[in-house]
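Input: a single structure, listed below in structure tokens.
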Amino acid sequence: MAFRNPALHDEDDPQFKLEWQRSFWKQVYEETQCLPLPHAENTTRFSRELVQDIQEAYYGVAEHFYKKTEDTELNPKKDTVFGIVLYVLYLAALTEMGGSGKRPECRIFLRIACELFITLKFLTIQNQEKLWIQYRNYGSGKATLAFLKIVDAETLPEYVDIDDLERLANEDAWYEMRDIKLGHWASVDLRKMSEQIGEKDTYDKYYDWTSSFAHGNWGAIRDTHFTLCANPLHRFHRIPTHPNHGLPSATNDIISIVNRCLDLLNQHYPPFKRRIKKPIKPTGA
């Protein structure tokens with residue numbers, strides 16, 4: 001009776017056409033209450049010391065940028081290296097402040113940080129001027145494409161400043177004179193990129209599962225907004241619950257990525273010795 005779920009079998013199979021099964025489960029559901037299993041509680045508070053450490057590293061990187069700037073000539077490599085590192089540091093701060101890395105959106109921050117690290121290491125290993133330029137031009141082209149699509153919309157979305165987007169599209173060159181690349185800027189996807197630079201393990205650890213949260217796949221939705229009903233008469237079905245803010249912390253993982261990005265910054269523009277110290281355990285645990 002427990003395993004003969006009609007939904008899992010061929011409806012034409014006569015041995016699974018037992019209407020009393022449906023009647024039984026329907027009746028016990030109607031006559032008994034759900035018993036939701038609680039998510040693990042997030043009782044930790046973000047570490048102010050860690051967030052301050054990340055912020056100080058952020059401003060340290062910005063200061064280092066000025067030290068390594070000799071003129072105002074366009075420098076795609078320097079802008080990219082420093083820009084990626086600053087972005088990853090910002091994501092790390094958001095991750096820790098987001099409930100000590102335990103909220104669902106922290107997985108999206110980790111996914112972005114992983115992609116940025118793989119991108120930066122790929123550019124570092126290749127270290128070809130044309131690739132640094134291609135990465136920058138691709139981003140400018142995406143801004144151009146977004147501007148051209150949004151500016152013709154009947155109603156403008158509120159999340160974007162259309163004048164600011166136009167300035168970004170025209171920053172390096174007038175967008176009318178720029179080719180817009182629709183494929184990947186390096187003509188290789190992130191997975192193959194990670195293989196080429198020996199970071200497939202990093203990709204597997206940090207990108208696949210976090211992508212489920214970014215794309216809204218069922219696994220992430222199930223983990224975040226559903227729990228099991230502990231009533232055995234309900235066959236342990238899944239029921240909605242409050243958002244799961246007690247997921248395993250992503251803080252140490254993203255800090256590991258931050259420090260590896262800082263290693264790459266130091267490789268390109270030495271010396272930069274500052275690194276982020278991982279917390280021994282979640283604050284307040």
Side-chain angles (χ1 to χ4, degrees), residues 46-97 101 106 109-139 172 185-186 188 190-207 210 249-280:
F46 75 87
S47 167
R48 293 185 182 276
E49 292 78 10
L50 176 58
V51 173
Q52 183 177 356
D53 191 16
I54 295 170
Q55 290 176 336
E56 290 175 355
Y58 182 97
Y59 293 117
V61 170
E63 182 180 354
H64 194 58
F65 175 88
Y66 288 109
K67 291 180 180 178
K68 296 298 178 179
T69 300
E70 298 177 351
D71 54 47
T72 56
E73 185 177 352
L74 188 65
N75 192 328
K77 175 181 176 179
K78 181 164 64 68
D79 289 351
T80 297
V81 172
F82 280 92
I84 286 179
V85 173
L86 290 171
Y87 196 7
V88 171
L89 282 164
Y90 171 69
L91 293 171
L94 289 179
T95 299
E96 176 58 17
M97 292 170 67
C106 296
F109 302 153
L110 179 58
R111 176 188 186 269
I112 299 170
C114 175
E115 182 168 359
L116 288 169
F117 165 70
I118 291 174
T119 298
L120 181 56
K121 186 167 182 181
F122 177 83
L123 286 165
T124 298
I125 290 178
Q126 299 293 329
N127 203 21
Q128 299 175 16
E129 183 179 2
K130 68 176 183 178
L131 280 179
W132 294 105
I133 295 174
Q134 282 178 202
Y135 174 81
R136 185 184 181 97
N137 287 345
Y138 177 79
D172 292 342
W185 60 271
V188 59
L190 193 71
R191 182 178 182 276
K192 292 180 180 177
M193 191 182 292
S194 70
E195 292 173 346
Q196 292 181 19
I197 61 174
E199 292 293 345
K200 180 61 163 52
D201 181 59
T202 300
Y203 177 92
D204 289 341
K205 285 193 297 185
Y206 298 131
Y207 196 77
T210 57
S249 177
T251 294
N252 278 347
D253 291 320
I254 200 167
I255 289 176
S256 294
I257 292 176
V258 166
N259 286 335
R260 297 182 74 184
C261 287
L262 291 173
D263 289 340
L264 294 173
L265 171 63
N266 183 63
Q267 181 176 332
H268 287 289
Y269 300 98
F272 191 84
K273 301 301 182 182
R274 189 183 187 105
R275 301 294 182 270
I276 307 300
K277 184 178 180 181
K278 296 181 182 179
I280 298 175

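In this chain, residues are counted from 1 in sequence order. Just so it is clear, the structure is predicted and the values come from calculations on it, not from any experiment. Only this structure's heavy atoms are used, side chains among them; waters, hydrogens and symmetry mates stay out.
- Looking at heavy atoms from C-beta onward, Thr251 lies in side-chain contact with Leu50 at the 4.5 angstrom threshold.
- The OG1 atom of Thr124 lies 7.5 Å from the NZ atom of Lys77; values are rounded to the nearest 0.5 Å.
- Note that the CG atom of Leu89 and the CG atom of Leu94 stand 11.0 Å from one another [nearest 0.5 Å].
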> Between Ile84 and Leu264, does a side chain to side chain contact (heavy atoms under 4.5 Å, CB included) hold up when you go through it step by step?
Replying inline: CA-CA 11 Å; Ile84 286 179; Leu264 294 173; over 6 Å; no
>> Determine whether Arg191 and Lys200 satisfy the following criterion, side chain to side chain contact (heavy atoms under 4.5 Å, CB included), listing intermediate values before the conclusion.
In response: CA-CA 7 Å; Arg191 182 178 182 276; Lys200 180 61 163 52; 3.7 Å; yes
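- When all heavy atoms are compared, the tightest approach of Cys261 to Leu120 is O-CD2, 4.3 Å.
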Do any side-chain atoms of residues 54-67 form donor-acceptor pairs under 3.5 angstrom with protein atoms, and if so which ones, sequence neighbours left out?
| unit_1 | atom_1 | unit_2 | atom_2 | d |
| --- | --- | --- | --- | --- |
| Glu56 | OE1 | Arg274 | NH2 | 2.9 |
| Glu56 | OE2 | Gln52 | NE2 | 3.1 |
| His64 | NE2 | Tyr269 | O | 2.6 |

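- Formation of a donor-acceptor pair under 3.5 Å by the Glu96 side chain with backbone atoms of Ser47 is found in this model.
- The 12-atom threshold is not exceeded at OH of Tyr87, counting heavy atoms of other residues, nucleotides or ligands nearer than 6.0 Å.
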>> Under the criterion side chain to side chain contact (heavy atoms under 4.5 Å, CB included), I'd like the reasoning laid out for Asn127 against Trp132: C-alpha separation, chi angles, the key distance, then a yes or no.
In response: CA-CA 8 Å; Asn127 203 21; Trp132 294 105; 3.3 Å; yes
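- Scanning both residues, Leu131 and Gln126, for their nearest heavy atoms gives CD1-CB, 3.4 Å.
- When all heavy atoms are compared, the tightest approach of Asp253 to Ser249 is OD2-O, 4.2 Å.
- The distance from atom CZ of Phe272 to atom CZ of Phe82, rounded to the nearest 0.5 Å, is 8.0 Å.
- Using a 3.5 Å distance cut-off with no hydrogens or angles, the side chains of Arg111 and Tyr206 do not pair a donor with an acceptor.
- Summarising the geometry of Glu73 relative to Asp71, their closest heavy-atom pair is N-OD1, 3.0 Å, with the distance given to 0.1 Å.
- For the residue pair Lys121/Ser194, the side-chain donor-acceptor check at 3.5 Å is not satisfied.
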> Given Phe46 and Glu49, is the side chain to side chain contact (heavy atoms under 4.5 Å, CB included) satisfied, shown in steps?
Replying inline: CA-CA 9 Å; Phe46 75 87; Glu49 292 78 10; over 6 Å; no
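- Each of Leu262, Asn266, Val258 was compared with Val85 under the side-chain contact (heavy atoms from CB on, under 4.5 Å) criterion, and only Leu262 meets it.
- Looking only at side-chain heavy atoms (C-beta outward), Leu190 and Tyr203 come within less than 4.5 Å of each other.
- Expressed to the nearest 0.5 Å, how far OG1 of Thr95 lies from CG of Asn252 amounts to 11.0 Å.
- Between Leu110 and Ile257 the shortest side-chain heavy-atom distance falls below 4.5 Å.
- The pair Lys277-Asp53 fails the salt-bridge criterion, with no side-chain N (NZ, NE, NH1 or NH2) lying under 4.0 Å from an Asp/Glu carboxylate O.
- Note that CD1 of Ile276 and OG of Ser256 are 11.5 Å apart. Values are rounded to the nearest 0.5 Å.
- Nearest heavy atoms, Ile255 versus Pro279: CD1-CD, 3.9 Å.
- Of all heavy-atom pairs between Gln134 and Ala186, the closest is NE2-CA, 4.3 Å.
- Once rounded to the nearest 0.5 Å, the distance linking CD of Glu129 with CG of Asn75 reads 9.0 Å.
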